Amino acid sequence: MKLAEALQERADVNRNIEQLSERLELNVLVQEGEQTVEDPIKLKKELDSSIERLAYLIFHINLTNSTIKIGDKTITELIAEKDALNLKISTYKDIVDAASRTTHRARNSEIRILAAINVSKWQAEIDKMSKELRLLDNKLQETNWSTDLI
């Protein structure tokens with residue numbers, strides 16, 4: 001199995017666990033003399049099985065990510081870089097948005113509000129980081145599809 005396939009299956013298993021949990025919640029109480037729509041015991045077994053599969057996938061994905069290197073860094077290190085870069089881009093975008101807001105004045109005597117940063121320089125930095133993020137993501141995706149799960 002390729003790493004990318006394991007990542008897709010992990011997402012599917014997570015969704016399945018969420019659905020099973022919701023179904024269980026709907027079937028743990030029943031009016032006296034009535035039957036549940038689904039058997040809670042059977043749902044519990046499916047839930048337990050899915051959680052076991054999730055634990056297996058998480059372990060092997062993490063093992064693979066911490067072992068396989070792209071250049072001189074592990075996949076785990078590159079994922080951390082990607083997450084940090086995403087956070088930085090998002091934060092910078094919020095700052096640029098705040099600095100770009102204009103304040104309308106009714107009269108020239110009112111206080112004028114100006115940006116304290118150079119918005120175009122910040123935007124250029126965001127654009128540069130966004131390109132770096134795309135390239136990093138492409139490298140990770142390529143590796144995910146070419147790497148066997150350990």
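In this text, all values refer to a predicted model and were calculated from it rather than measured experimentally.
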Please answer whether the main-chain N or O of Glu142 pairs with a side-chain N or O of Ser146 as donor and acceptor at a distance below 3.5 Å. yes
Could you state the interatomic distance from CG (Leu54) to CD (Glu52), rounded to the nearest 0.5 Å? 11.0 Å
Residue that, paired with Leu43, satisfies side-chain contact (heavy atoms from CB on, under 4.5 Å) out of Val28, Asp48, Asn27: Asn27
Leu78 and Ile70, any side-chain heavy atoms less than 4.5 Å apart: yes
Test of understanding: clusters of I, L, V, M, F, W, Y form through side-chain heavy atoms closer than 4.5 Å, transitively. Do Trp145 and Ile61 belong to the same one? no
Minimum-distance pair of heavy atoms, taken over all atoms of Ser50 and Leu20: OG-CD1, 3.8 Å
May I ask whether Tyr56 and Ile150 are part of the same hydrophobic cluster, defined by side-chain heavy atoms of I, L, V, M, F, W, Y residues being less than 4.5 angstrom apart, directly or through others? yes
When you look at Asp97 and Arg101, which way does the salt bridge (charged side-chain N to carboxylate O under 4.0 Å, His left out) test go after all the steps? CA-CA 7 Å; Asp97 182 53; Arg101 291 186 202 120; 3.2 Å; yes
What's the shortest heavy-atom distance between Ala115 and Ala99, and which atoms? CB-O, 3.6 Å
Can you find a pair of side-chain heavy atoms, one from Lys82 and one from Leu140, that are under 4.5 Å apart? yes
Any donor and acceptor pair, going by atom type alone, linking the side chain of Glu77 with main-chain N or O of Thr74 inside 3.5 Å? yes
Less than 4.5 Å apart, any side-chain heavy atom of Leu3 and any of Ile75? yes
Check whether any side-chain heavy atom of Gln123 lies under 4.5 Å from a side-chain heavy atom of Tyr92, and answer yes or no. no
Any ion pair linking Asp127 and Lys131 (charged N to carboxylate O, less than 4.0 Å)? no
CG (Asn14) and CD (Glu9) are apart, to the nearest 0.5 Å, by 11.0 Å
Euclidean distance, Glu22 CD relative to Glu18 CD, rounded to 0.5 Å: 5.0 Å
Side chains of Arg10 and Ile58 in contact at under 4.5 Å (non-hydrogen atoms): yes
For residues Pro40 and Leu24, report the shortest heavy-atom separation together with the two atoms involved. O-CD2, 3.5 Å
Is it true that a side-chain atom of His60 and a backbone atom of Leu149 form a donor plus acceptor pair closer than 3.5 Å? no
Could you measure the distance from the OG atom of Ser130 to the CD1 atom of Ile126? Nearest 0.5 Å is fine. 7.0 Å
Taking atom CG of Asn65 and atom CD1 of Ile79, what is their separation to the nearest 0.5 Å? 4.0 Å
In this structure, would Met1 and Val13 fall into the same cluster of hydrophobic residues linked by side-chain contacts under 4.5 Å? yes
Mind checking the OG1-CD spacing from Thr76 to Glu81? Nearest 0.5 Å is all I need. 11.5 Å
Is there side-chain contact between Lys93 and Val96, with heavy atoms separated by less than 4.5 Å? no
In this structure, are over 12 heavy atoms from other groups packed under 6.0 Å from Lys2 atom NZ? yes
So, the side chain of Ser21 versus the backbone of Ile17: is there a donor-acceptor pair under 3.5 Å, distance only? no
Set out, in order, the CA-CA distance, both residues' side-chain angles and the distance that settles side-chain contact (heavy atoms from CB on, under 4.5 Å) for Val37 and Leu26, then state yes or no. CA-CA 9 Å; Val37 176; Leu26 293 172; over 6 Å; no
Give a yes or no on whether Ile68 and Phe59 share a hydrophobic cluster (residues Ile, Leu, Val, Met, Phe, Trp, Tyr; joining criterion: side-chain heavy atoms under 4.5 Å apart). yes
Has Thr67 got a side-chain atom pairing as donor or acceptor with Leu63's backbone, closer than 3.5 angstrom? yes
Residue pair Asp137 / Arg134, side-chain heavy-atom distance below 4.5 Å: no
Establish whether Ile113 and Ile95 are linked, either directly or via other cluster members, by ILVMFWY side-chain heavy-atom contacts under 4.5 Å. no
